[in-house]
There are 2 protein chains.
Amino acid sequence: MKVLVLGGDGFCGWPASLHLSDLGHEVTIVDNLSRRRIDKELGASSLTPITSPQERLAAWEETSGETIDFVELDIAQHYDGLLDLLRTAAPDAIVHFAEQRSAPYSMKSATHKRYTIDNNTNATHNLLCALVESGIDTHLVHLGTMGVYGYGTAGMSIPEGYLDVELVGDEGERISQQILYPTNPGSVYHLTKCLDQQLFAYYAKNDALRITDLHQGIIWGTHTEQTLRDERLINRFDYDGDYGTVLNRFLMQAAVGYPLTVHGTGGQTRAFIHIRDMVRCVELALQNPPAAGERVKIFNQTTESHRVRDLAELICRISGAQIENVPNPRHESPENELSVRREAFLDLGLEPTRLSEGLLMEIEQVASRYAHRADLEKIPCTSVWTKDQQPGVPASRAPEAHDSPAEQPA
Amino acid sequence: MKVLVLGGDGFCGWPASLHLSDLGHEVTIVDNLSRRRIDKELGASSLTPITSPQERLAAWEETSGETIDFVELDIAQHYDGLLDLLRTAAPDAIVHFAEQRSAPYSMKSATHKRYTIDNNTNATHNLLCALVESGIDTHLVHLGTMGVYGYGTAGMSIPEGYLDVELVGDEGERISQQILYPTNPGSVYHLTKCLDQQLFAYYAKNDALRITDLHQGIIWGTHTEQTLRDERLINRFDYDGDYGTVLNRFLMQAAVGYPLTVHGTGGQTRAFIHIRDMVRCVELALQNPPAAGERVKIFNQTTESHRVRDLAELICRISGAQIENVPNPRHESPENELSVRREAFLDLGLEPTRLSEGLLMEIEQVASRYAHRADLEKIPCTSVWTKDQQPGVPASRAPEAHDSPAEQPA
């Protein structure tokens, strides 16, 4: 099938593009390269030495014999270009990763909040409008987040999108309904995925667009079967305080001898998925589209849930690293439970990569191998959710702990 | 109290500004005059002869002795100007009407859909960001719509914002929760008010902003006590197919001898409120702000519900007008029930203006008086919700019914 991968140069988009190309699909990557520009803005870069889009694509052709096309386009800004592309390419499916995807980045300042809302909302809405205007029959698969749910309801596993509820009618009668699971986003970034949900529900209803929304857990891991084939195909590995995800950050911190930065008590329970399973889930979603006129199909794209401090302790046991509790820059409950329904992808044949299988490989093949490229200054999460929050800087690494003149006796 | 009225030159904003000024509040209108520009785009204009912002404000000062300041600013486009204004003015309250508010306009084309999403989402989000960044302690009152609810649940009156539900836990236990009422918007315009709800919920939670959201029914009427004092203070009266609201359109159609254009069967039940009650509700909302840290306060701002064909029949009885059923350009159920909880404003002292009191006055003082200004070509609703829908053009007035050459025998 012909597939456009929007945001196909990013951390999820790149391995998903290679996986789909490897399966024989005709893949076109559409990307504005914003993630590379944001690296420059933050003075950060991937731990792994990613190559340019052109070099990656040439390496893929050399390695696999398959061609992936590349279109540089900002879908949030250039509607006409997007519409032309849809009309010309007439893809069977579109995988939409083209959004700003860091919660800490979305909270850095008013400018970053505004960019995230404006970019993500207009990217998604332009795409929906262009699908309607072009009239092409395309299945849209969007990467959402488990974060739209907040932290769920004690005693009830979070369902896959839709929630059965009972209401009490005006005459006291009980009325059964199924509703979109009520959202409770934890950052402006997560908020944008809640707005996306509303956009999708509307366009599926009014225009019978066929849409799948993947509520993904936190990704860990770097390599997929395809990115391992040639170093020029390597995927991003972010460890900085904005774009690094918690488990990959711990692995990198262990590899470079930095204390594992546990925010607050580490009592936050989060949902996780390995990057290899993500690409397989995208494949399964593409194979199982909703019908036109059907409501949005929603999957929980996650394979395990863990408490952050348990993960930190696990990595300490494997690697001998130390934990350091740092202030939690997020405005959230210090401890939460999270139980998630995951049947849909398992029923379609997903075989999850367990933490126990992948962790050591990740430390050896990625974190330790590229440890020399690390900039330790970029590790702390300096974004704060409100002015009352503190950045996630380890006391042992804070400038004033060592040599702040103000702290020295005269 | 010092109040900014965003969108204070519009159909709701203008009478609300005068009402608040008349109560002794220090009012500043902030408006980008987009509604006047859209009149030009559509080749339409208010049935009533509205004066320029400057003339209106001078007339108000002459009539009342009170001054209203005016700032021309696009809050969706000029964040820095908005932030400066909030810091300088430090208002006690902000009333936010500054959004594109027509459902048919929002459906005219991809350009109009995109403008409505982009403008409304960024206007609201810029305001929330600027409130956080400025750090001022301000109560934000926003005009939402009953349309976020869709058409409710048979047998259950729509509550004021929050819905009690029972869930079934993993062990079969019953769990009681209160959730934001699930939305089901009927157009891209209505969708933006659902997005606004999510933005408000997030910023009330993360930043303890004090926010009230008014879910308003369809406005009818033109005059308030203040706009009646001098013809230069007159409010807009829209009758065109995009901006005219159903009851005012019927009144105008009756006055000019045009058939009352009932969309579909007229089986749509809608919630209504007179414009005099709207300004009073805004006053009551300002007097009763939520506390910092409290969730968003939501009112159903509506006083009556009616089926559209019943309203048309009522106006026929009063005026002798004829009804003509036209295609419904909207993608919606032909018939719906709508039952609404309305206790909150009644408990605060609202005394509703009933249809029976205001209809004849409205026909005499407004629709008939300015009937000579009407452009009958602008009456039909030409926007359609999907390509399968038909415009709401009366067969008796369609060009081909009279003189289409293609229809004439050779």
Side-chain angles (χ1 to χ4, degrees), chain A residues 79 83 107 109-111 113-114 117-118 121-122 124-126 128-130 132-133 135 150 153-157 163-171 173-175 177 179-180 182-188 190-191 194-195 197-199 201-203 205-208 331-332 339 341 385-387, chain B residues 79 83 107 109-111 113-114 117-118 121-122 124-126 128-130 132-133 135 153-157 163-171 173-175 177 179-188 190-191 194-195 197-199 201-203 205-208 331-332 339 341 385-387:
Chain A
Y79 177 78
L83 180 62
M107 301 304 289
S109 73
T111 303
K113 291 176 191 176
R114 293 172 53 238
I117 291 279
D118 183 51
T121 305
N122 281 315
T124 297
H125 188 249
N126 280 350
L128 294 166
C129 268
V132 173
E133 189 170 6
T153 293
M156 199 204 65
S157 299
L163 178 67
D164 292 310
V165 298
E166 270 200 0
L167 319 175
V168 178
D170 295 340
E171 310 294 329
E173 73 279 24
R174 300 217 155 236
I175 302 169
Q177 288 272 0
I179 62 171
L180 200 60
T183 56
N184 183 19
S187 73
V188 166
H190 292 100
L191 176 55
C194 302
L195 305 184
Q197 278 211 135
Q198 304 266 332
L199 296 171
Y202 176 75
Y203 278 87
K205 178 183 73 165
N206 194 71
D207 298 285
H331 185 38
E332 63 182 354
S339 172
R341 302 284 294 268
W385 261 235
T386 74
K387 61 184 184 318
Chain B
Y79 178 77
L83 180 62
M107 302 304 289
S109 73
T111 303
K113 292 175 190 176
R114 294 173 52 237
I117 291 280
D118 184 53
T121 304
N122 281 314
T124 296
H125 187 249
N126 279 351
L128 293 166
C129 268
V132 172
E133 189 170 7
T153 294
M156 199 203 64
S157 299
L163 178 66
D164 291 311
V165 298
E166 269 199 359
L167 319 176
V168 178
D170 294 340
E171 310 293 328
E173 74 279 24
R174 302 220 153 234
I175 302 169
Q177 289 271 358
I179 62 171
L180 200 61
Y181 193 95
T183 56
N184 183 19
S187 74
V188 167
H190 292 99
L191 176 56
C194 301
L195 305 184
Q197 278 213 133
Q198 302 267 333
L199 295 170
Y202 176 74
Y203 277 88
K205 178 181 74 165
N206 194 70
D207 298 285
H331 184 38
E332 64 182 354
S339 171
R341 303 283 295 267
W385 262 234
T386 73
K387 61 184 184 319

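A note on names: the letters A, B, ... follow the listed sequences, proteins ahead of strands, and every chain is numbered from 1. Hydrogens, waters and symmetry mates are skipped; everything else that's a heavy atom, side chains included, is used.
Proximity to chain A (any heavy atom under 4.5 Å) is restricted, for B:Q177, to the side chain, taken from C-beta onward. Of the two parts of A:A201, neither the backbone nor the side chain holds a non-hydrogen atom closer than 4.5 Å to a non-hydrogen atom of chain B. Only the backbone of B:D164 comes within contact range of chain A, with heavy atoms under 4.5 Å apart. In this structure, the portions of A:K205 lying under 4.5 Å from any heavy atom of chain B include both its backbone and its side chain. For chain A, the nearby part of B:R174 is the side chain; its heavy atoms alone come within less than 4.5 Å. B:P182 touches chain A through its side chain: at least one heavy atom from C-beta onward sits under 4.5 Å away, while N, CA, C and O do not. At a 4.5 Å heavy-atom cutoff, the contact between B:V168 and chain A is made by backbone atoms alone. When heavy atoms are compared at a cutoff of 4.5 Å, A:L199 approaches chain B by way of both its backbone and its side chain. Both the backbone and the side chain of A:N206 come within contact range of chain B, judged by heavy atoms closer than 4.5 Å. Both the backbone and the side chain of B:Q198 have a heavy atom closer than 4.5 Å to some heavy atom of chain A. Contact of B:S157 with chain A is made through backbone and side chain together, with heavy-atom distances under 4.5 Å.
Of the listed residues A:D207, A:I175, A:L128, the one with more heavy-atom pairs under 4.5 angstrom with chain B than any other is A:I175. Your options are B:E133, B:H331, B:H125, and the one with the most heavy-atom pairs under 4.5 Å with chain A is B:H125. Between chain B and the options A:A208, A:A130, A:G186, A:S339, the largest number of non-hydrogen pairs under 4.5 Å is found for A:G186. Among A:G155, A:S109, A:G169, the residue with the largest count of heavy-atom pairs under 4.5 Å with chain B is A:G155. Most heavy-atom pairs under 4.5 Å with chain B, from the set A:T121, A:L83, A:N126, A:L180: that is A:N126. For chain A, the option among B:I179, B:L167, B:T111 with the highest count of heavy-atom pairs below 4.5 Å is B:L167.
Between the CG atom of A:N184 and the SG atom of A:C194 there is a distance of 8.0 Å, given to the nearest 0.5 Å.
Taking all atoms of both residues into account, the shortest heavy-atom contact from B:Y79 to A:A110 is OH-CB, 3.4 Å.
Contact check for B:M107 versus B:T386: no side-chain heavy atoms found under the 4.5 Å cut-off. Considering only heavy atoms from C-beta on, B:V132 stays 4.5 Å or farther from A:K387 through its side chain.
Taking the six-membered ring where the residue is Trp, the centroids of A:H190 and B:Y202 are separated by 6.0 Å or more.
Between the side chain of B:Q197 and the backbone N or O of B:L195, no donor-acceptor pair lies under 3.5 Å. Side-chain N or O atoms of B:D118 include none that pairs as donor or acceptor with a backbone N or O of B:R114 at under 3.5 Å.
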Checklist entry - Where do A:V188 and B:Y203 land on the side-chain contact (heavy atoms from CB on, under 4.5 Å) test, with the steps shown first? => result CA-CA 9 Å; A:V188 166; B:Y203 277 88; 3.6 Å; yes

